[in-house]
S.K.: 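Have a look at this one.
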There are 2 protein chains.
Amino acid sequence: MNPTACLLIIGNEVLSGRTRDANLQFLATRLGEMGIPLREVRVIPDVVETIVGTVNEVRKKFDHVFTTGGIGPTHDDITSECVAQAFGVPWVVHEETRALMAADYARRDPPVEMNAARLRMATLPLGAVPIRCAMTTAPGFSMENVHVMAGVPRIMQSMFDALAPSLQGGVPVVSRAVHAIGVFEGNIAEGLAAIQQRYPALDIGSYPFYRQHSSGAGFLGGGVALVSKGVSLSDVEAATAEITALLVGMGASPVQGEPGA
Amino acid sequence: MNPTACLLIIGNEVLSGRTRDANLQFLATRLGEMGIPLREVRVIPDVVETIVGTVNEVRKKFDHVFTTGGIGPTHDDITSECVAQAFGVPWVVHEETRALMAADYARRDPPVEMNAARLRMATLPLGAVPIRCAMTTAPGFSMENVHVMAGVPRIMQSMFDALAPSLQGGVPVVSRAVHAIGVFEGNIAEGLAAIQQRYPALDIGSYPFYRQHSSGAGFLGGGVALVSKGVSLSDVEAATAEITALLVGMGASPVQGEPGA
């Protein structure tokens with residue numbers, strides 16, 4: 001069995017609609033390739049009880065928990081101290097991190113002050129292992145199976161690149177897609193369900209799509225994308241061949257891969 | 001107190017990274033305007049036990065639960081029967097819906113067959129109230145405080161437009177943003193925390209931004225957007241004035257509103 005992952009997106013700005021999350025899709029894709037499939041995502045607010053309670057619930061339920069958001073220097077950045085509280089450990093200045101950040105700030109022109117707000121970014125749950133990345137000396141960290149990263153996508157991605165080699169992956173999840181124009185889901189549902197039953201270890205998904213003129217003015221027609229996914233490449237390929245035959249049998253002209261934009 | 005909302009995004013395609021969700025931001029914005037703030041979002045897979053368990057957990061915890069995805073005709077569309085199971089009611093053909101769909105299919109050229117797969121879209125938890133929208137005769141539905149909608153954004157939006165007038169709203173959440181170029185979060189954190197303490201009923205958020213040339217090649221510089229949000233417009237405006245004064249006091253040139261792209 002592959003290890004499982006859960007993602008916590010922490011931040012009022014996503015829940016209010018101000019910010020459109022850009023981290024879910026990146027992490028889902030990368031973790032899938034590593035054989036650590038994402039099984040659940042939660043978006044939660046910057047509220048202490050909610051963060052502490054959610055971290056404690058999901059860290060027992062999943063092999064890995066990834067968090068994004070809430071590790072900056074301002075009052076609404078409370079993820080780090082909440083993780084300390086969840087694990088029941090003190091939240092303390094990490095001396096090596098403080099020194100790295102202070103040296104970085106001193107090198108800037110003009111120099112940046114290591115004030116109380118910035119010192120919070122060098123303060124970690126006792127026992128946490130910093131995640132050092134190329135983008136900033138203010139680190140993410142791993143506390144047991146909970147991996148805490150920034151919310152800003154390019155910093156999060158840099159932190160994940162630094163973290164990834166230390167994660168024990170599983171069997172990569174592979175997928176193959178077939179699409180066909182002018183096919184209605186309602187006409188293929190029965191045949192598709194029969195294929196899914198013959199490959200119970202695969203996830204076979206059916207995703208209708210709609211194409212519009214790039215002007216947005218007109219409708220070019222739609223179709224369906226059929227995706228087979230699993231850890232066995234031979235099963236995925238066999239199911240894909242059966243799906244292709246199903247579509248051909250209905251007079252469609254299926255194409256391997258996802259429909260173009 | 002405003003009523004609260006939770007969103008369940010149901011679908012393997014979002015968890016795998018294949019599809020980037022486009023419904024969260026729409027619903028977060030619309031619900032905020034109606035005074036029904038979104039307090040949590042979960043993305044869960046097309047797995048019966050997970051859907052049933054999650055629906056039963058969150059429908060007790062929040063005033064409203066909205067779901068997107070999993071109400072089409074294929075084998076992986078299981079949201080509707082899972083909601084019936086969660087409420088402990090039978091999942092039965094809704095006769096009025098069946099008749100509407102059959103009439104719609106008969107009018108098409110060529111006519112569309114009302115087969116077993118399509119009949120599933122007319123099958124609802126006993127006691128559910130259909131959500132009829134302009135885009136399709138296959139409905140969403142409300143079962144008590146759980147509102148089940150399609151995953152395809154334009155259909156979901158049409159269903160939400162149909163549903164919204166029946167929801168009892170609260171006091172709309174208002175927000176004001178100020179942004180300033182060249183300001184580091186670490187320099188304003190202390191002053192900002194003091195303002196937050198003076199307005200405990202508001203959510204004051206600090207969001208750093210980075211601007212790149214549209215070519216992606218270079219870096220134009222960054223800054224911070226400071227957002228005050230709450231149900232009291234006068235508090236929001238007072239906090240915004242204090243934040244503006246804080247930035248001016250640091251030599252910055254704050255601008256009302258969000259930074260441009």
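Per chain, numbering begins at 1; letters A, B, ... match sequence-line order.
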S.K.: With sequence neighbours excluded, tell me which residues meet side chain to side chain contact (heavy atoms under 4.5 Å, CB included) with B/Val174.
M.R.: B/Leu233, B/Val236

S.K.: Using a cut-off of under 4.5 Å for heavy-atom pairs, which of A/Glu113, A/Glu190, A/Arg20, A/Met121 has the most such pairs with chain B?
M.R.: A/Arg20

S.K.: Side chain, backbone, both or neither: which part of B/Ala177 has an atom under 4.5 Å from a heavy atom of chain A?
M.R.: neither

S.K.: Could you state the interatomic distance from CD (B/Glu40) to CD1 (A/Ile44), rounded to the nearest 0.5 Å?
M.R.: 7.0 Å

S.K.: Any side-chain heavy-atom pair from A/Glu13 and B/Lys229 closer than 4.5 angstrom?
M.R.: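 The answer is no, as the side chains (C-beta and beyond) never meet within the 4.5 Å cut-off.
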
S.K.: Residue by residue, which of residues 27-35 of chain A have a heavy atom closer than 4.5 Å to a heavy atom belonging to chain B?
M.R.: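 Those residues of residues 27-35 of chain A which have a heavy atom under 4.5 Å from chain B are A/Ala28, A/Thr29.
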
S.K.: Walk me through it: do B/Leu15 and A/Arg39 pass the test side chain to side chain contact (heavy atoms under 4.5 Å, CB included)?
M.R.: CA-CA 7 Å; B/Leu15 284 175; A/Arg39 293 288 189 223; 5.6 Å; no

S.K.: Under 3.5 Å, is there a donor-acceptor pair between the side chain of A/Glu185 and the main chain of B/Thr74?
M.R.: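 Here the side-chain-to-backbone pair does not exist.
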
S.K.: For B/Arg18, which atoms come within 4.5 Å of any heavy atom of chain A: side chain, backbone, both, or neither?
M.R.: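 Both backbone and side chain of B/Arg18 come within 4.5 Å of chain A.
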
S.K.: Below 4.5 Å, heavy atoms only, C-beta onward: do A/Ile155 and B/Tyr210 meet side chain to side chain?
M.R.: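 The answer is yes, as the side chains (C-beta and beyond) meet within the 4.5 Å cut-off.
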
S.K.: Specify which of A/Asn115, A/Ile188, A/Val41, A/Asp77 makes the most heavy-atom pairs with chain B at under 4.5 Å.
M.R.: A/Val41

S.K.: State the CZ-CZ distance between A/Phe184 and B/Arg108, to the nearest 0.5 angstrom.
M.R.: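 Between atom CZ of A/Phe184 and atom CZ of B/Arg108 there are 6.5 Å.
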
S.K.: For chain A, find which of B/Ala225, B/Ala5, B/Ala193, B/Ser206 contributes the most heavy-atom pairs closer than 4.5 angstrom.
M.R.: B/Ser206

S.K.: Under a 4.5 Å cutoff for heavy-atom pairs, which residue among B/Gly72, B/Pro73, B/Ala189 has the most contacts with chain A?
M.R.: B/Pro73

S.K.: Any idea which heavy atoms bring B/Ala117 and A/Gly186 closest together, and the distance?
M.R.: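 So the two residues come closest at CB-O, 3.9 Å.
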
S.K.: I need the contact set between residues 195-204 of chain B and chain A: heavy-atom distance under 4.5 Å, sorted by residue number.
M.R.: B/Gln196, B/Asp203, B/Ile204

S.K.: Do A/Leu38 and B/Ser16 make a side-chain contact, defined as non-hydrogen atoms from C-beta onward lying under 4.5 Å apart?
M.R.: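 No. Closest side-chain heavy atoms not under 4.5 Å.
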
S.K.: Would A/Asn187 and B/Arg118 count as a side chain to side chain contact (heavy atoms under 4.5 Å, CB included) here? Give the steps.
M.R.: CA-CA 9 Å; A/Asn187 291 337; B/Arg118 294 194 173 97; 3.0 Å; yes

S.K.: Relative to chain A, which segment of B/Val14 carries a heavy atom at a distance below 4.5 Å: side chain, backbone, both, or neither?
M.R.: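 It is both, since atoms from each part get that close.
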
S.K.: Side chain, backbone, both or neither: which part of B/Leu192 has a non-hydrogen atom closer than 4.5 Å to chain A?
M.R.: both

S.K.: Could you tell me which residues satisfy side chain to side chain contact (heavy atoms under 4.5 Å, CB included) with A/Ala106, sequence neighbours excluded, listed by chain and number?
M.R.: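 So A/Ala106 forms no side chain to side chain contact (heavy atoms under 4.5 Å, CB included) with any residue.
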
S.K.: Side chain, backbone, both or neither: which part of B/Thr19 has a non-hydrogen atom closer than 4.5 Å to chain A?
M.R.: backbone

